[in-house]
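What follows is a single structure, written as structure tokens, with notes after it.
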Amino acid sequence: MSGNGFFKDPQLLPIRDKVAAQERLSFEDGLTLYRSTDLLGVGYLANLVRERLHGNKAYYIVNQHINYSNICINGCKFCAFGKEAGDPLAYQMTLEEICTKVEERLADPISEIHIVGGLHPDLPFSYYLDMLRSIKAIRPTVHLQAFTAVEIHHLAGIAGLSIPETLAALREAGLGSLPGGGAEVFSPRIRQSLCAKKLSPEGWLGVCQTAHRLGLHTNATMLYGHQETLEERVDHLLKLRAAQDETGGFLTFIPLAFHSANTQLAGLPETTGFDDLKNLAVARLLLDNFPHIKAFWIMIGPKIAQLSLSFGVDDIDGTVIEERITHMAGAQTAQGLTRQELHHLIRQAGRQPVERDTIYNVIATY
Ligand code: V47
């Protein structure tokens, strides 16, 4: 382990000792990490944990995103994607349109389709079941990572079913796992201010834990870079860690960098590379029971995502292909990356590209 002289911030030394001893970090440790300007020190510690878990591997997936509708009843202030029904920019895809999107990519070796939408007020439950079934009919082996915990809760209301019944019906139709969206920041202050109508933190965690108990994996996210405090970030991460201790079904944590354009928070500055790397590194250190930390290159850019492979990250998501949520909020990143581009980023960072499926089975190593 690196000598004391490496760390510019002496407050990191006791945390270094805990990391070396594989001891769990506390709330105060989390705050110290966030407050420290010794980014290289924090990154070094996160990299130790990443290396212990994953050696030199850096995962990616060949996936496709489908955002079936942006019509949403929640009206979250941070969201440029969601629109009220009747808004000129509102859309909802028919099942035929969704099938066309899937058919258009049949030649690509896609192993996952990632499906997220708004909370539509009146699409019937059958639309969601038929969507999964139709995609599976076209691509029987693809893994469907579909519907955030917030959508699942909404669909349960539409279907008049309990959460376990809703998940079981969706699984029967082809659901493979849940993406990590909709967690935002668990702080009641932030939720009151930014997304008062959204499913509560307890509700979000409850849906994920119910999914875990049924044998479905889920991801988890945190939206950062808006109005949240460092204390609220640490609290969010520790709530995820506590939930994971109980049910163990979270696969990956993905910090989501806030983009303000076209939102009710327009004008807030972009997150910085420093803060993007710091969030990923602190997450790796606090979430000791999460197998994977993912950098979503769409939100932080491929260059910071590449650097993050030395700051605790073992996964840089995937090919994506047509993303709407961040691009409607002003993201300047590409809509997709090729497998070759992902390999180039990973190799230049000195890591070994590993193509994975959704649940981290290795498809190929390069
Ligand atoms: O839930 C909304 C966030 C999420 C903005 O599970 C915004 O592997 C930034 O969850 N700026 C959806 N973020 C995306 C998501 C996701 C993405 C990639 C991989 C995975 C995974 C999950 O995007 C929403 C919300 O938290 N979001 N608006 C915005 N203006």
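Whatever order the structure lists ligands and atoms in, that order sets their numbers, starting from 1. Sequence positions, counted from 1, serve as the residue numbers for this chain. Side chains are part of it too, since the values below use all heavy atoms of this structure and drop only hydrogens, waters and symmetry mates.
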Are any of the N/O atoms in [X] less than 3.5 Å from those in ligand 1?
X	answer
T263	no
F78	yes
G181	yes
K294	yes
H259	yes
N219	yes
G182	yes
M299	no

Fill in: Residue pair R356 / S111: nearest heavy atoms and the distance that separates them
O-OG, 3.9 Å
Item to complete: Tell me, please: is I254 in heavy-atom contact with ligand 1, that is, under 4.0 Å?
Response: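 It does, in that a heavy atom of I254 comes within the 4.0 Å cut-off of ligand 1.
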Worksheet item: Does L223 have a heavy atom less than 4.0 Å from any atom of ligand 1?
Response: yes
Item to complete: Answer yes if the side chains of Q209 and E246 hold a donor-acceptor pair under 3.5 Å, and no otherwise.
Response: yes
Any carboxylate oxygen within less than 4.0 angstrom of a Lys/Arg side-chain nitrogen, looking at [X] and [Y]?
X	Y	result
D245	R24	yes
K278	D275	no
E231	R35	yes

Fill in: Y91 six-ring face occupied by R324 cation (under 6.0 Å, within 45°)
yes
Item to complete: Mark yes or no: R233 above the aromatic ring of Y34, with NZ or CZ under 6.0 Å from the six-membered ring centre and no more than 45 degrees from the axis.
Response: yes
Item to complete: Begin with the C-alpha distance, continue with both residues' side-chain angles, and end with the deciding distance and a verdict on salt bridge (Lys or Arg N to Asp or Glu O under 4.0 Å) for K294 and D317.
Response: CA-CA 6 Å; K294 186 197 305 195; D317 202 78; 2.6 Å; yes
Response to the item:
heavy-atom search around atom 22 (C) of ligand 1 in the protein gives H114 CE1, 3.8 Å
Item to complete: Measure the distance from atom 23 (O) of ligand 1 to every protein heavy atom, then report the residue, atom name and distance (to 0.1 Å) of the closest one.
Response: L256 CD1, 3.7 Å
Discussion item. Show the atoms of ligand 1 that are less than 4.0 angstrom away from any heavy atom in F258.
Written reply: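 Under 4.0 Å from F258, ligand 1 has these atoms: 9 (C), 11 (N), 29 (C), 30 (N).
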